[in-house]
Protein chains: 2
Amino acid sequence: MAGADMPDLGIGALARRTGCKVETIRYYERIGILPEPPRNSGGQRRYHAWHLKRLNFVRRARDLGFTLEDVRGLLRLVDEQGHGCDEVRTMALGHLEAVRARLADLKAMEAVLGEMVARCEGGNVPDCPIIDALYREPA
Amino acid sequence: MAGADMPDLGIGALARRTGCKVETIRYYERIGILPEPPRNSGGQRRYHAWHLKRLNFVRRARDLGFTLEDVRGLLRLVDEQGHGCDEVRTMALGHLEAVRARLADLKAMEAVLGEMVARCEGGNVPDCPIIDALYREPA
DNA sequence: CTTGAACCTGTAGTTACTACAGGTCCTATA
DNA sequence: TATAGGACCTGTAGTAACTACAGGTTCAAG
């Protein structure tokens, strides 16, 4: 029996519960990622559990590196009842490949940087091996 | 005896030799990364070997993931004669750490994505395990 | 001399937010 | 009930690092 049943949330409370910033939530609404919530008599946004769930979905997908366009696609698939699991899988696989490519890039960068720094251990030589390395091998 | 002595280069030739786009070169000039070259009688930019060397330096540093601000700092150090090798080393080390942190992030992403996709292998279940995974664990 | 590629400037678009400015509303306390 | 101050509102502009035009000039080859 933690939170009783939750009537509705202001934008700040939603932000706290999802880890998004308030401005980000309004931004998602503006670009159509999060639907416009109802407003109270004073014109302020009131969110329900549904919005919380959806925003958490968005945030998790973003954390995993999906672009907002990807997220838009995933949400579309989620919203079609009986969504095609293979479409979702295809998107996730494509993204996984992109992540792996980026990983390979970063590993190469790490190797070059690591070697540059290691060669420099010596200290204060007049012609720095790091600068030299940057001038050499334009890839 | 490859290229004889090279008198000067138009912006397009410089672009071809460095792998930068023409617009990028003009952009670097605008923001002060690449100094303004002399112009010919018609007002077009003429580059020399020095610019080629400097732009290659910039490009290589960018390829290694240094920001333009980093590059600005590196160039400043390069231009001070008797530059401090330890300053350069500190920058490179800092950057190496950033790269390693990003690598760790990406590896975590890869693991989660990989597992999501693997659980989905089965095919066309009505409630997709990937979507489920995105709804679960808001991290 | 003509044509078409290369070049010029200046501005706006991209991604995914973030940060104001200048106001209105809500709520708790005195 | 008055009021203080936090939460909220809209709209715009800024960030990084380019990229992509539009609407013109210049260059070089034939």
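Residue numbers begin at 1 in each chain, while the letters A, B, ... track the order of the sequences.
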Any salt bridge between A:Arg72 and A:Glu69, counting N to O under 4.0 Å?
yes
How many Å lie between CG on A:Leu9 and C1' on C:dC26, as a whole number?
16 Å
When rounded to whole Å, the CG to P distance for the pair B:Leu68 and D:dT19 reads 11 Å
Rounded off to whole Å, could you give me the CD-to-P distance for the A:Glu69 and C:dT14 pair?
11 Å
Which whole-number value in Å describes the distance from A:Glu29 CD to C:dT18 C1'?
17 Å
Walk me through whether B:Met116 and B:Leu113 qualify under side-chain contact (heavy atoms from CB on, under 4.5 Å).
CA-CA 5 Å; B:Met116 271 167 43; B:Leu113 280 171; 4.0 Å; yes
May I ask you to say what A:Arg45 touches in the nucleic acid, namely base, sugar-phosphate or nothing, with a heavy-atom cut-off under 4.0 Å?
sugar-phosphate
So, is A:Ser41 close to the C:dC26 phosphate, meaning a side-chain N or O under 4.0 Å from OP1 or OP2?
yes
Length of the line joining B:Ile11:CD1 and C:dC8:C1', which is rounded to integer Å:
9 Å
Closest nucleotide of DNA chain D for B:Phe66 versus for B:Asn40: which of these residues is on the 5' side?
B:Phe66
Verify the contact: side-chain N or O of B:Tyr28 to OP1 or OP2 of D:dC18, cut-off strictly under 4.0 Å; return yes or no.
yes
Just the rounded figure in Å: distance from C1' of D:dG11 to OH of A:Tyr27.
16 Å
From the list D:dA17, D:dT10, C:dC8, which nucleotide is the closest neighbour of the side chain of A:Arg26?
D:dT10
Most 5' of A:Gln44 and A:Glu23 on DNA chain C, judged by nearest nucleotide:
A:Glu23
Quick check: on DNA chain C, is the nucleotide nearest A:Thr67 upstream (toward 5') of the one nearest B:Arg39, or the reverse? Name the residue that is more 5'.
B:Arg39
So does A:Glu29 pair up with A:Arg45, basic N to acidic O under 4.0 Å?
yes
Judged by each residue's nearest nucleotide on DNA chain D, which is more toward the 5′ side, B:Thr24 or A:Val22?
A:Val22
Please determine whether a side-chain nitrogen of the Lys or Arg among B:Arg54 and B:Asp79 lies less than 4.0 Å from a carboxylate oxygen of the Asp or Glu.
yes
What's the CD1-P distance between B:Ile31 and D:dT15, to the nearest Å?
12 Å
Return no unless some side-chain N or O of B:Arg62 is found under 4.0 Å from OP1 or OP2 of D:dC18.
yes
Rounded to whole Å, please give me the gap between CD1 in A:Ile25 and C1' in D:dT10.
16 Å
Plane angle bin for A:His48 and A:His51 - parallel if under 30°, tilted between 30 and 60°, otherwise perpendicular:
tilted
